[in-house]
Amino acid sequence: MKTIKIILAGPRGRMGREAVELIHRTEHFELVACLDRVNEGKKLSEIGGFPPIDAPIYHNPVACFQNVEADVLIDLTTPEIGKLHTKLALEYGVRPVVGTTGFTDEELKELAELAEEKKTGVIIAPNFAVGAILMMKFAQMAAKHLEDVEIIELHHDRKLDAPSGTALKTAELISQTRTPKRQGHPEEVQQLAGARGAETKDGIRIHSVRLPGLVAHQEVIFGGEGQSLSIKHDSYNRASFMSGIKLSVETIMTLDVLVYGLENIIE
């Protein structure tokens, strides 16, 4: 199998460290550079806690894309930085695999048009855990039969966005098979603002929990006459996301369009 040359943005984060290990142990992956806001000019091998990989570290993404020959960018940074990196990577013919959320519909449309123009694939995934993708797909199936549904997502207290990208993607998939409906008593009153959670335009309630000790968890609860159905997924550590990242890196080599959501590339 042809070696895939990878630039990794965000190597010092929890997800980034797992991604370094993934690249290091995957025979046909090669880490050729890192993007990081510190350690400019050093090699990754010179930073404590990393495998002996002599990939140079860049602070300036333009300099990195100009000086390094790469096939794929894995971006595991923040929403704003991820958006910048994704667009720059496309401009330089590098295929982005993006694990940050917060892209608006307009931004996704712009990136899709740029990907088509450059004939360069992009994968943006709100969640890389294969089990989480299956949870979303099962919820979409269930919504055909049970239209009353609420989503509870739980993450660590360092997460910046709420609701999570996974919760929003789940609601989007459910809306494709569910008739829009405003849920709860028509005259209900929230004694405390936000008690009923956020509400999508189709009437799906989303509740966000942020606590230390959590990683990434979501439960989709359906209610019906005399019954309920709960579909739940838990990520207990960041290693749970690596199988999806590996699949995305391998798949993107055959793509020339933007794909939003891992459910579009798994069987």
Query raised in the report: Is the closest side-chain heavy-atom distance between H24 and I53 below 4.5 Å?
Result: yes

Query - F103 side chain near V98 side chain, heavy-atom distance below 4.5 Å - result: yes

Query raised in the report: Closest approach of G121 and P96, non-hydrogen atoms and distance?
Result: O-CD, 3.3 Å

Requested in this report: Output yes when K118 and D256 qualify as a salt bridge under the 4.0 Å nitrogen-oxygen rule, no when they do not.
Outcome: no

Query raised in the report: Ignoring hydrogens and geometry, is there a side-chain-to-backbone donor-acceptor pair from T254 to T251 under 3.5 Å?
Result: yes

Report task. Starting from the C-alpha separation in whole Å, work towards a yes-or-no answer on salt bridge (charged side-chain N to carboxylate O under 4.0 Å, His left out) for E147 and K181. Result -> CA-CA 8 Å; E147 60 184 14; K181 176 182 180 182; 3.5 Å; yes

Report task. Could you name each residue pair satisfying ring-ring contact (aromatic ring centres under 6.0 Å, His included) that touches residues 146-204, not counting sequence neighbours? Result -> none

Report summary line: When every non-hydrogen atom of L22 is compared with those of I245, the smallest separation belongs to CD2-CG2, 3.8 Å

Query raised in the report: Under the 3.5 angstrom rule, does the side chain of H207 hit a backbone N or O of R205 as a donor-acceptor pair?
Result: no

Report task. Without swapping roles, check the side chain of Q183 against the backbone of V149 for a donor-acceptor pair under 3.5 Å. Result -> yes

Query - pair I152-Q218: side-chain heavy atoms closer than 4.5 Å - result: no

Query raised in the report: Does the pair E80 and K83 meet the rule for a salt bridge (charged side-chain N to carboxylate O under 4.0 Å, His left out), with working shown?
Result: CA-CA 5 Å; E80 289 308 312; K83 293 171 188 177; 3.4 Å; yes

Query raised in the report: Taking the side chain from D71 and the backbone from K5, do they hold a donor-acceptor pair closer than 3.5 Å?
Result: yes

Query raised in the report: Would you find a donor on one side and an acceptor on the other, under 3.5 Å apart, between the side chain of R178 and the backbone of D202?
Result: yes

Report task. Taking only Lys NZ, Arg NE, NH1 and NH2, and the carboxylate oxygens of Asp or Glu, determine whether K169 and E172 approach each other closer than 4.0 Å. Result -> yes

**Report entry** Side-chain donor or acceptor of N67 paired with backbone N/O of C64 under 3.5 Å
**Finding:** no

Query - Candidates I252, V94, T86, L8 - the one meeting side-chain contact (heavy atoms from CB on, under 4.5 Å) with L73 - result: V94

Query raised in the report: Does E21 pair with R17 as a salt bridge, N-O distance under 4.0 Å?
Result: no

Report task. Quick one: sort the F65 and Y92 rings into parallel, tilted or perpendicular, breaks at 30° and 60°. Result -> parallel

Query raised in the report: Has the side chain of Q190 got a donor or acceptor atom that lies under 3.5 Å from a matching backbone atom of A195?
Result: yes

I'd like a table of donor-acceptor pairs (distance under 3.5 Å, sequence neighbours excluded) in which one partner is a side-chain atom from residues 38-52, with atom names and distances.
unit_1 : atom_1 : unit_2 : atom_2 : d
E40    : OE1    : H59    : N      : 2.4
S45    : OG     : D54    : OD1    : 2.6
E46    : OE1    : K43    : N      : 3.3

Query raised in the report: Could D161 and K159 be called an ion pair, given the rule that one side-chain N must be under 4.0 Å from one carboxylate O?
Result: yes

Query raised in the report: Which heavy atom of T77 sits nearest a heavy atom of G82, and at what distance?
Result: OG1-N, 3.4 Å

Query raised in the report: Does I174 offer a backbone N or O that forms a donor-acceptor pair with the side chain of T177 under 3.5 Å?
Result: yes

Query raised in the report: If you look at every heavy atom in P163 and I206, which pair is closest and at what distance?
Result: CB-CG2, 3.7 Å

Query raised in the report: Could K246 and E27 be called an ion pair, given the rule that one side-chain N must be under 4.0 Å from one carboxylate O?
Result: no

Query raised in the report: Short question: side chain of T26, backbone of F29 - any donor-acceptor pair under 3.5 Å?
Result: no

**Report entry** Path from V259 to V97 over hydrophobic side-chain contacts below 4.5 Å
**Finding:** yes

Query raised in the report: Can you name the closest pair of heavy atoms from L146 and G223 and give their distance?
Result: CD2-O, 4.2 Å

Report task. Could you point out which residue of L211, D234, V209, V215 forms a side-chain contact (heavy atoms from CB on, under 4.5 Å) with L154? Result -> V209

Query raised in the report: Which one of I151, N127, I204 satisfies the side-chain contact (heavy atoms from CB on, under 4.5 Å) criterion with T170?
Result: I151

Query raised in the report: Any donor and acceptor pair, going by atom type alone, linking the side chain of E107 with main-chain N or O of T104 inside 3.5 Å?
Result: yes

Report task. Please name the pair of heavy atoms, one in V249 and one in I4, separated by the smallest distance, quoted to 0.1 Å. Result -> CG1-CG2, 3.9 Å

